[in-house]
Amino acid sequence: LSTVVSAAGSIMSGNAAAKSANFEAAQMTQQAGQERASSQRAAIEQRRQAGLASSKITARAAASGAGATDPTVLNLQGDTAATGEYNALSALYSGEEKARGLEMGSVARRYEGAQAKQAGEIQAGGSILSAGKSLYDVYGNGGPAKTNAPIGYGPQQMYS
């Protein structure tokens with residue numbers, strides 16, 4: 001009976017570890033999606049800021065009497081737009097890297113859970129086989145284990 005309880009405990013422990021790992025993996029997958037969404041919002045904000053900076057450049061150029069098509073104004077606007085786009089793409093890249101890291105962690109946790117479940121099943125099988133071997137040692141040879149007493153000694157020899 002203790003062997004059966006031990007085996008069941010091993011299986012239940014493995015299953016619980018697998019469920020826990022799968023739950024953590026699901027959370028990591030959800031966090032990956034949130035990282036992507038957050039980085040997209042950051043990229044949108046970087047582009048918006050670059051647009052505002054470009055508008056300020058145009059407004060200041062007009063206020064100073066320079067034209068909006070003056071080469072210096074166009075160069076400043078181009079640099080501002082390029083910097084804004086670089087910052088936006090950097091935000092997207094950073095979010096994607098974090099998301100991929102979380103997804104890889106999710107895959108690893110699912111694998112660990114599957115391994116824990118399999119280990120529980122193997123341990124349960126080992127407990128049952130061990131108990132079976134012990135029972136065979138006691139009863140499988142036609143009775144309780146024989147002694148290693150020399151021939152001529154023991155109860156068998158009394159009636160020979």
Side-chain angles (χ1 to χ4, degrees), residues 1-140:
L1 183 61
S2 68
T3 300
V4 172
V5 171
S6 175
S10 295
I11 291 171
M12 290 173 62
S13 175
N15 288 342
K19 283 182 182 179
S20 174
N22 285 335
F23 179 75
E24 286 181 48
Q27 287 179 321
M28 293 172 90
T29 300
Q30 182 179 6
Q31 286 175 330
Q34 291 170 346
E35 283 293 336
R36 282 191 179 97
S38 176
S39 69
Q40 289 169 358
R41 293 298 309 157
I44 290 168
E45 180 59 21
Q46 289 296 328
R47 289 180 178 129
R48 188 183 77 77
Q49 291 294 329
L52 289 174
S54 182
S55 287
K56 286 181 184 178
I57 291 169
T58 303
R60 287 187 180 155
S64 71
T69 59
D70 184 59
T72 303
V73 173
L74 292 176
N75 286 339
L76 286 172
Q77 286 178 328
D79 290 346
T80 301
T83 300
E85 187 61 18
Y86 175 81
N87 291 342
L89 293 175
S90 293
L92 288 172
Y93 176 79
S94 176
E96 184 63 25
E97 283 301 302
K98 288 178 184 175
R100 285 183 184 176
L102 287 165
E103 287 171 342
M104 290 300 293
S106 173
V107 168
R109 287 299 295 144
R110 280 186 171 83
Y111 178 76
E112 289 171 8
Q115 293 301 307
K117 182 176 180 180
Q118 185 178 18
E121 291 167 354
I122 290 170
Q123 186 175 5
S127 295
I128 291 170
L129 289 175
S130 177
K133 181 184 180 311
S134 297
L135 289 173
Y136 179 77
D137 287 346
V138 172
Y139 299 106

Completion exercise
In terms of heavy-atom contacts, Ala43 and Ala91 come closest through N-CB, 4.0 Å
Practice task
Give a yes or no answer on whether the side chain of Ser90 reaches the backbone of Tyr86 with a donor-acceptor pair at less than 3.5 Å.
Solution key: yes
Exercise for the section: Return the minimal non-hydrogen interatomic distance between Arg110 and Ala25, and the atom names on each side. Expected result: NH1-CB, 3.1 Å
Practice task
Supply the atom-to-atom distance Lys98 NZ to Ser39 OG, rounded to the nearest 0.5 angstrom.
Solution key: 9.0 Å
Completion exercise
CD1 (Ile57) and CG (Asn75) are apart, to the nearest 0.5 Å, by 10.5 Å
Problem - Partner residues of Glu96 under the salt bridge (charged side-chain N to carboxylate O under 4.0 Å, His left out) criterion, sequence neighbours left out - result: Arg36, Arg100
Practice task
Kindly say whether Thr80 contributes a backbone atom to a donor-acceptor pair with the side chain of Thr83 at under 3.5 angstrom?
Solution key: no
Exercise for the section: Measure the CG-NZ distance between Asn22 and Lys117 for me, rounded to the nearest 0.5 Å. Expected result: 9.0 Å
Problem - From Glu45 atom CD to Leu52 atom CG, the distance as rounded to the nearest 0.5 Å - result: 8.0 Å
Handout entry: Nearest atoms (heavy-atom pairs only) where Glu121 meets Ile11
Key = CA-CG1, 4.3 Å
Problem - Closest non-hydrogen atom pair between Glu103 and Ala32, with its separation - result: CG-CB, 3.7 Å
Fill in the blank from the handout: Between the OG1 atom in Thr69 and the CD atom in Gln77, the distance rounded to the nearest 0.5 Å is 10.0 Å
Exercise for the section: State whether the side chain of Ser20 and the backbone N or O of Ala16 hold a donor-acceptor pair below 3.5 Å, judged by distance alone. Expected result: no
Problem - Any donor-acceptor N/O pair, Ser55 side chain to Gly51 backbone, under 3.5 Å - result: yes
Exercise for the section: Supply the atom-to-atom distance Gln27 CD to Gln31 CD, rounded to the nearest 0.5 angstrom. Expected result: 7.0 Å
Practice task
Please check if any side-chain donor atom of Thr29 sits under 3.5 Å from a side-chain acceptor atom of Ser106, or the reverse.
Solution key: yes
